[in-house]
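Down below is the structure, laid out as C-alpha cells.
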Amino acid sequence: MKDQLKELIESALASLISQQSLPADISSADVQLERTKDRSHGDFASNIAMVLAKPAKKNPRQIATLIVDALPQHEVIEKVEIAGPGFINFSLSANSRQQVVADVLKKAGQFGLSQYGNGQKVQVEFVSANPTGPLHVGHGRGAAYGSVVSSLLKAVGFDVHREYYVNDAGRQMDILATSVWLRYLEKCGEQFTFPSNGYRGEYVLDIAETLKQQHGNTLLHPVSLVFEGVPADEPQGGDKELHIDGLTQQAKSLLGADMYRQLFDLGLNAILDDIRNDLAGFGAEYDEWFSERSLVESGVVDKAVEQLKAANMLYQQDGAWWFKSTDFGDEKDRVVVRDNGQATYFASDVAYHLNKFNRGFDQIIDIWGADHHGYITRVKASMEALNQDVSKLKVLLVQFAVLYRGKEKVGMSTRSGEFVTLRELRDEVGKDAARFFYVMRGADQHMDFDLELAKSQSNDNPVYYVQYAHARVCSVFRQLAERQMNWDEQTGLQNLSLLTEDHEQALFTMLSRYPEVVELAAITHTPHLLAHFLMDLARDFHTYYNAHQFMTDDINLSQARLTLITAVRQVIANGLGLMGVSAPQSM
RNA sequence: GCGCCUGUAGCUCAGUUGGAUAGAGUGUCGGUUUCCGAAGCCGAAGGUCACAGGUUCAAUUCCUGUCAGGCGCACCA
C-alpha cells in the first residue's frame, strides 16, 4: 500500500522533471511517506514538497500543487489534500482500506512476514553468561531481547543463526571447580574457612554432593595438606585472588590433571545443562552453543595471536604482548598474552570474532550487557587490524534492569549467592509476562523491574491486556456456537464495506500497519515497537468491543464484523508469537 | 578525570530514524453492567520535553556546553 503510493509520487516527480518544472537532480530517496498521527490528515502524508523547496527554489505549497496535479489517477486514492506548510495528505479509498482483512485471513500465520532480508546470513549472539552459576534476572533481559530480535529478523527474511558463547575456559571456571571441590571436602567432614572469593551459591553444594556420590571419599585430602603453602586470604590480611589461585593449584596437583578435568567438567556440565534448560523454558532457543575451550584447545586462539603478530599489531612490553588498539581509537593498548604466558579473555574474543567473520555471515550481531560497552572499541579494533569488514559487526547494548521489591531495591551479587534467578522469576511471574515485560522497553532504556508488580498478576502488566483481547475474540466465537450460529468468511469478506464505524476504520489501519511495524522493529532492532503496537491494537479492539455488538440482527453486518475480529485475533497471535508469548484461547 | 547510556505528566515509559495541537499505561477524581467475559469501556485533571546556546522552512528528535542519575575505565571473566 505504502509502496504503491510511493511509486505514484515518484512517477509524478519524474513527469515534472521531464517538463522541467523541477530540477533533475532529485533522487527518489528523498520521497518520504509517513503514517499520519491524526485521522483528519488522511492515511499517509508526504513532506516531499518541503524537502524540495530549497533545491527547486519554489515555495513548498506551490511544489505540492504541482505534484498533486501530476499525480496519476489510481483506485487506492480517495482524496489528496495539501495542508499546513506543504504536506501532501493522502486518503485511501474505502475499498483499499478493507483489503487488509482479506489479506490477513489469506496469509494467516504468514501475515507480516517479508523478504526484506533477502536470505542474508545474520549471526546473533546473546546472553553468553559465564557458566559459573545459574542465570539471574539480569540475564533475562538479554535473553528476551536477543530471542525477539532474532525472531523479528527471521520474520523479515534474514537467515538467522542464534548462538551462545560458552566461556568454559579461564580462571573463573577454575574458581568454580575449586569451589566445588572445597564444598566436597566439607561434605567429607573437613573443617576450614571457605575462601572469600569462592562461589558460595547453593548450587555449588549440589554439585559437590553429586561429586561425593560419584567418587565417595577418594578425592579427599586432609585440609592441612590442601592449604599448605597457600597464600593467606583477605580477611586474614592476605590477598583473596592469590589465595583462591593457590587453592586451584593445590587442587590440580593433589587430584592430578585427569581427575581435576573430571571435576571441572562435572561443574561445567551441571551448570550448562541448567542454563540450557532455563533458556529453553524461557523461550530463548539457540542454533549453536560455541565453546571457548574448543578455541583454546584447538590452537585457534594462539593462531589469532600469531595473525596479529604477523600483521605487526602486537608489541612486547614488561613480558606481556600488547595489541595496538590505540591505533584504532581505543584509549589504551590491550594485553593479549600475559607475562605468565597465558592468553587473556580478550585474546579468545579476538579468535571467536575472527571465527565469526570466517564463517561468512553478512551481519554479526553481538548483544551485550551495558557493563561491557568498554569492549566494543577493542573488539572492533582487532577485527580491523585483521582486515575484516567491521561494518558487518554490530554490538547492541542492553541496559541494566534495576530490580525492586516494591519500593526496595534488590542487591545482586553472584559470588554471595544473593540474587534472584531467572528460573525463580519464571516460576513466579510466568514466561509470558516476564518476556513481555523485558521487551516492552527500549534496550537502551535503564528500566525499573518491580518484582512485586510483575508477580502480582494484576492488569498493571500489559501482557494480560493483549492476551485478553485474543481470548475475548475466541470467546465471541464460543458464544456464537452456543447460539447455534456460524461464521461465514466469504459472506463477511463480501460485506466489509458495511464496516464504516470509526472503530472499524481504526482497526483496518492498525492491521495494515502490522507488517510495517514488524519490518521497522526488525531492522532497527527495537522489539518494543512491536510490544507497543500490540497494546495499541488490543486497546482499539476492546474499545470496539464495548461500542458495538458483533452478533446483530443484520446477518451481513454480523459476518463482516466477525471477519474483522478474526483478522484482529490473527494479528495479535502473530505478534505475540514473534515475542515468544502465548496467545491463549481463554484465560 | 575519560568513555558509553539516560533525563518527556505524581510514577513507569512511547514518540514512526527533523514534521502539523507532545502521547499511552498506572495513580488521583468522576461516570459506566437488563447487552458477545468489567482482566473491559468513557471522561477530567496532570507538561518550561533537565538547563543554556546553535544548525533550518520546521528541533522532544541533530550539534556544543552545563547539571543530574546509571554503568564502565585490569597482565578479571
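The shown structure was predicted, so the numbers you read here are calculated from the model rather than taken from an experiment. Each chain gets a letter, A, B and so on, in the order its sequence line appears, and its residues count up from 1.
For the OP1/OP2 pair of B:C75 and a distance below 4.0 Å, the side-chain nitrogens and oxygens of A:K332 include at least one atom meeting the criterion. Between A:Q445 and the phosphate of B:A14, there is a side-chain N or O to OP1/OP2 separation shorter than 4.0 Å. In terms of phosphate contacts, A:S586 brings no side-chain nitrogen or oxygen within less than 4.0 Å of OP1 or OP2 of B:G37.
At a threshold of 4.0 angstrom between heavy atoms, the contacts of A:A83 include nucleobase atoms, whether or not backbone atoms are also involved. Counting any heavy atom pair closer than 4.0 Å across all strands shown, A:A320 reaches a base atom. Within the 4.0 angstrom heavy-atom criterion, no nucleotide atom of any strand lies near A:D540. If you check every strand for non-hydrogen atoms under 4.0 Å, A:S475 touches a base.
Judged by Watson-Crick or G-U wobble contacts below 3.5 Å, the nucleotide B:G72 has B:C2 as its partner. B:U55: no Watson-Crick or G-U partner with both key distances under 3.5 Å is found in any strand. When Watson-Crick and G-U wobble pairs are counted only if both distances are under 3.5 Å, B:U60 pairs with no nucleotide at all. In a base pair of the Watson-Crick type (N1 to N3 plus N6-O4 or O6-N4) or a G-U wobble (N1-O2 and O6-N3), with each distance short of 3.5 Å, B:U66 is matched with B:A50. Searching all strands for a Watson-Crick or G-U wobble partner of B:A38 with both distances below 3.5 Å returns nothing. For B:A24, the paired nucleotide is B:U12, the pair qualifying as Watson-Crick or G-U wobble because both relevant distances are below 3.5 Å. Here B:G18 sits opposite no nucleotide as a Watson-Crick or G-U wobble pair (both hydrogen-bonding atom distances under 3.5 Å). In this entry B:G43 has B:C29 as its Watson-Crick or G-U wobble partner, both defining distances falling under 3.5 Å.
By the 6.0 Å and 45° rule, A:R569 stacks over the aromatic ring of A:F477. The cationic group of A:R472 lies under 6.0 Å from the six-membered ring centre of A:Y545 and within 45° of the ring axis, placing it in a cation-pi geometry.
Going from the C1' atom of B:G7 to that of B:U61 covers 14 Å, rounded to whole Å. Comparing B:A14 with B:G30, their C1' atoms are spaced 27 Å from each other, to the whole Å. A distance of about 35 Å separates the C1' atoms of B:G3 and B:G25, rounded to the whole Å. The separation of B:U6 from B:A44, taken at their P atoms, amounts to 34 Å, rounded to a whole angstrom. For B:G46 and B:U26, the C1' atoms lie 13 Å apart once the distance is rounded to whole Å. The separation of B:C5 from B:A52, taken at their P atoms, amounts to 24 Å, rounded to a whole angstrom. Rounded to whole Å, the C1' atom of B:A39 lies 49 Å from the corresponding atom of B:U56. If you take atom C1' in B:G23 and the same atom in B:A38, they sit 25 Å apart, rounded to whole Å.
Evaluation of atom-type donor-acceptor distances gives a pair under 3.5 Å for the side chain of A:N89 against the base of B:A20. Not a single donor-acceptor contact under 3.5 angstrom links the side-chain atoms of A:D371 to the base of B:G72. For a distance-only test at 3.5 Å, the side chain of A:H373 qualifies as a donor-acceptor partner of the base of B:G3. A donor and an acceptor atom sit less than 3.5 Å apart, one in the side chain of A:H446 and one in the base of B:C5.
Between A:S40 and A:F400, the one whose closest nucleotide on RNA chain B sits nearer the 5' end is A:S40.
Qualifying ring pair (Phe, Tyr, Trp, His ring centres under 6.0 Å) partners for A:H372, counting only residues two or more places apart in sequence or in other chains: A:Y375.
The side chain of A:F87 sits closest to B:A20 out of B:U6, B:A39, B:A20.
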>> side chain to side chain contact (heavy atoms under 4.5 Å, CB included), that's the test. Do A:V350 and A:F323 meet it? Break it down for me.
In response: CA-CA 11 Å; A:V350 172; A:F323 168 52; over 6 Å; no
> Could you walk me through whether A:V429 and A:F436 pass the side chain to side chain contact (heavy atoms under 4.5 Å, CB included) check?
Replying inline: CA-CA 11 Å; A:V429 185; A:F436 200 95; over 6 Å; no
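Atom pair A:F437:CZ and B:U26:C1' shows a separation of 11 Å (rounding to whole Å applied). In this entry the distance linking CE of A:M440 with P of B:C11 reads 17 Å, nearest Å.
Side-chain contact of A:S348 with A:E292: a donor-acceptor pair under 3.5 Å is present, judged by distance alone.
The ring of A:Y545 does not lie on top of the base of B:G40; it is either too far (5.5 Å or more) or too tilted (30° or more).
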